[in-house]
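First comes the structure, then the notes that go with it.
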Amino acid sequence: MEENHSKRPAPPPKLHGVIVFLFAFLLLHPSMASAAISIGVNYGTVADNLPPPPQVATFLKTKTTIDRVKIFDANPDILRAFAGTGIAVTVTVGNGDVPALAKLPAAQSWVADNILPFHPRTVINRIAVGNEIVATSDKSLIAHLLPAMKSLHSALKLANITSIQVSTPHSLGILAANSEPPSAGRFRRGYDKIIFAPMLEYHRQTKSPFMINPYPFFGFSPQTLNYALFRPNGGIFDNVTGLNYTNMFDAQMDAVFSAMKVLGYDDVDIVVAETGWPSVGDQNQPDVNVENALSYNGNLVKHVNSGKGTPLMPNRTFETYIFSLFNENLKPSISERNYGLFKPDLTPVYDVGILRNDQALGPTSSTAHPPTSSGDPSRKWCVPRSDASDEALQENLDYVCSRGVDCNPIRDGGACFEPNTVRSHASYAMNAYYQAFGTQDVNCDFNHTGLITSNDPRWAGYEACTYPFKGVKMEKSAGGSVKSSWANIFVVLACYMIAMLLGYF
C-alpha cells in the first residue's frame with residue numbers, strides 16, 4: 001500500500017505553544033543560548049582553622065558557581081566529602097612519590113588506594129603527577145616524571161577507567177629567559193627536545209592537557225601593574241606578529257603556546273592549574289592589597305568567561321583554577337597566607353562573581369566601596385569618585401566604549417550627551433559597563449576611580465538621560481559576542497529542525 005505523504009498531522013496545540021514560546025524566548029534572551037565557562041579553585045589545606053571537608057563541599061555546591069577543585073594530595077576525607085556533588089576533583093601525587101610510580105605495579109597500587117574507593121561517586125577528572133617538578137632541578141624527579149605519568153595512565157586503563165586524565169603542572173620557569181615578546185616563547189635549552197617534546201607527544205596521544213601555573217604577580221613591576229591586573233593600559237606590542245597585548249596573563253599564555261608550537265604541538269590543550277594574587281602582603285609589598293587581588297582575579301574570571309582566548313589562541317577556552325580557595329594560616333609568609341577567595345569561616349575576602357544569588361557584594365575589608373546610605377538600597381550604580389581626574393576618567397571612557405558597551409547615548413545628539421563634560425560622559429559609561437558585565441566590585445574599580453552608589457546618578461536638570469540599571473545594550477564586539485551569535489543561530493536552527501520533524505512546517 002502506497003503511503004500518503006501529502007498531509008502531515010498538525011502538532012498538538014500545547015506543543016505548538018511550546019515551540020512558539022521557545023523561538024520567542026531565544027530571540028528575546030539570546031544570552032541563554034550560550035553557556036558560561038566555569039572557574040575552578042585550588043583547595044589548599046596548609047592551615048589549622050579550616051572548616052571540615054563536608055562543609056566545604058556543601059558550601060561550594062550551594063553557594064558558589066565553582067564546579068571543579070584541585071587538591072594538592074589525594075586526601076580521602078576530601079574525596080569522600082565531594083561524593084555526589086558533581087564537582088570535579090583533580091588529585092595530586094606528592095613529588096616524593098613520583099620515582100616509585102614510574103613502575104606499573106606501584107602505579108596500580110596507587111590507583112587502587114586513591115582512586116578506586118571513590119570513583120565514580122566522586123568525579124575525579126585528573127591526576128596531577130607532582131607539582132612544578134621541572135622547577136626543582138632534581139634530576140631524579142625529572143627523569144621519572146614522564147614514566148610515572150605513563151604508568152598511572154596505564155594503571156587507569158587496566159582498571160577500566162578512561163575518564164581520568166594524567167598530567168603535571170609546570171611553572172613558567174620552563175621557558176627560556178628570552179621568551180619575550182610572546183612570539184619568542186621557547187622552552188629552556190636542553191629541556192625542549194629531551195623533556196617537553198616526549199611529554200607533549202604523550203599529551204597528544206592521551207588527549208590530556210599541558211598544565212601551567214602563570215602568575216603575573218611574580219612578573220610585574222610598578223610600571224606594568226595595570227598590565228598585570230587587566231586594567232586599562234597602552235599594552236605591549238609584539239613586532240613579530242603585529243599583535244598588541246593588553247594584559248600579562250595573555251602574554252604568558254601565548255609564550256607557552258609559542259614554545260609548544262616550535263616543537264609542533266600547538267594542538268595540545270592547555271589548562272591553567274594555578275594563578276592568583278594575594279590580598280595582604282608585607283610592608284615592602286605596597287601592591288599586595290584587596291583592591292589589586294580583586295582586580296586581578298575578578299578580571300581573570302571575566303576574561304576566561306568571555307571565551308575570547310588570547311591573541312595567538314583566539315576563541316580558545318582554558319580550564320582555569322584560581323589559587324586559592326582559602327587563606328592558609330600555616331604558610332611561611334604573609335602574602336602566601338593570603339591568596340584565598342574566602343576566609344576560614346566561609347565569608348568572602350572579596351567577590352569575583354562566583355557567588356550565587358548575590359551572597360556577597362564586595363570586599364569585607366575597610367577598603368571596600370559600599371553603597372551610600374541614602375537612595376534605594378536595592379539599586380546600585382557605578383559613578384566616578386570625586387577625586388578622580390579628568391585624564392583618568394577619559395581613559396575609563398575610552399576603555400568602556402571599546403569593550404562593546406553602547407556609548408551612543410553620550411555621543412553628540414544622544415540623550416545623555418549633555419552636560420558635555422568628561423565626568424558626565426564617564427559617569428554614564430562606567431555605570432553602563434558595571435551593569436553590563438555584572439554588578440561586582442571589580443567592575444566598578446577602574447583603577448580606584450569608581451564608586452558604587454544607591455543614589456540615582458542622573459545630573460540635575462538632565463532627567464531625560466536614563467542611566468542603565470541591570471542590563472544594557474551591547475554593541476557588536478569581537479570575540480565573545482560573535483561566538484554567542486553563532487551559538488544563538490545554532491540553537492534557533494535546532495528548534496526549527498525539531499519543529500519540522502514534528503510537522504509544524
Side-chain angles (χ1 to χ4, degrees), residues 29-32 34 36-39 63-66 229-232 279 290-306 322 341-342 347-365 367-385 388 393 396-397 399-401 403-407 409-410 416 425-458 465-475 477 480-481 484:
H29 303 279
S31 62
M32 296 298 291
S34 57
I37 302 162
S38 61
I39 287 288
K63 302 298 184 183
T64 80
T65 58
I66 292 168
L229 296 175
F230 297 88
R231 289 174 179 162
S279 60
V290 170
E291 287 83 5
N292 287 349
L294 170 62
S295 185
Y296 178 75
N297 285 322
N299 284 320
L300 172 76
V301 170
K302 281 195 312 180
H303 187 59
V304 173
N305 281 341
S306 74
I322 293 177
L341 298 177
F342 296 93
T347 59
V349 179
Y350 49 86
D351 175 21
V352 295
I354 58 173
L355 289 162
R356 297 183 186 274
N357 303 320
D358 294 327
Q359 294 289 323
L361 297 177
T364 57
S365 76
T367 54
H369 311 315
T372 57
S373 58
S374 59
D376 182 352
S378 67
R379 293 187 166 216
K380 296 188 296 177
W381 291 270
C382 176
V383 298
R385 286 181 174 274
L393 295 180
N396 296 346
L397 188 58
Y399 176 74
V400 168
C401 294
R403 299 288 290 177
V405 173
D406 184 6
C407 289
I410 52 176
C416 299
H425 290 179
S427 180
Y428 180 92
M430 290 164 65
N431 179 68
Y433 182 93
Y434 175 68
Q435 304 294 343
F437 286 93
T439 54
Q440 289 90 34
D441 280 23
V442 65
N443 293 328
C444 186
D445 182 80
F446 291 101
N447 204 11
H448 310 318
T449 61
L451 173 72
I452 297 172
T453 179
S454 59
N455 286 329
D456 190 331
R458 287 182 296 177
C465 170
T466 302
Y467 273 52
F469 174 69
K470 286 194 175 179
V472 299
K473 178 183 176 184
M474 296 290 290
E475 294 181 324
S477 59
S481 62
S484 296

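Because only heavy atoms are used, hydrogens play no part in the values below, and waters and symmetry mates are left out as well, while side chains stay in. Here the structure is a predicted model, which is why all the values come from computation and not from measurement.
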Residues forming a side chain to side chain contact (heavy atoms under 4.5 Å, CB included) with Pro232, sequence neighbours excluded
Tyr399

CG of Asn396 to NE2 of His425, rounded to nearest 0.5 Å, is 14.5 Å

When you compare the side chain of Ile410 with that of Leu397, does any pair of heavy atoms fall below 4.5 Å?
yes

When rounded to the nearest 0.5 angstrom, what is the spacing between SG in Cys444 and CD1 in Ile452?
5.0 Å

Please report the closest heavy-atom contact between Ser427 and Val383, naming both atoms and the distance.
OG-CG1, 3.8 Å

His448 and Arg385 have their tightest heavy-atom pair at O-CD, 3.2 Å

List the residues meeting side-chain hydrogen bond (donor to acceptor under 3.5 Å, both in side chains) with Asn447, not counting sequence neighbours, and say none if there are none.
Arg231

Taking atom CG of Asp406 and atom OH of Tyr428, what is their separation to the nearest 0.5 Å?
6.0 Å

Identify the two heavy atoms, one from Ser295 and one from Val442, that lie closest to each other, and give their separation to 0.1 Å.
CA-CG2, 3.8 Å

Residues which pass side-chain hydrogen bond (donor to acceptor under 3.5 Å, both in side chains) with Tyr296, listed by chain and number, not counting sequence neighbours:
Thr275

Can you find a heavy atom in the side chain of Gln435 that is under 4.5 Å from one in the side chain of Tyr467?
no

Applying side-chain hydrogen bond (donor to acceptor under 3.5 Å, both in side chains) to Thr64 and not counting sequence neighbours gives none

Check: Leu393 and Met430 side chains under 4.5 Å, non-hydrogen atoms:
yes

Can you tell me how far apart CD (Gln440) and NZ (Lys302) are? Round to the nearest 0.5 Å.
9.0 Å

Any side-chain heavy atom of Asp351 sitting closer than 4.5 Å to one from Asp441?
no

Ignoring hydrogens, what is the shortest heavy-atom contact between Pro348 and Phe342? Give both atom names and the distance.
CA-CD2, 3.6 Å

According to ring pair (Phe, Tyr, Trp, His ring centres under 6.0 Å), who are the partners of Phe446, at least two apart in sequence or on a separate chain?
Tyr433

Is there a donor-acceptor pair closer than 3.5 Å between any side-chain N or O of Thr453 and the backbone N or O of Trp381?
no

Give a yes or no on whether the backbone of Leu229 and the side-chain of Asn299 come within a donor-acceptor separation of less than 3.5 Å.
yes

Identify the residue among Val349, Leu294, Ile322 that makes a side chain to side chain contact (heavy atoms under 4.5 Å, CB included) with Leu341.
Ile322

Exam field: side chain Asn443 to backbone Phe437, donor-acceptor pair closer than 3.5 Å
yes

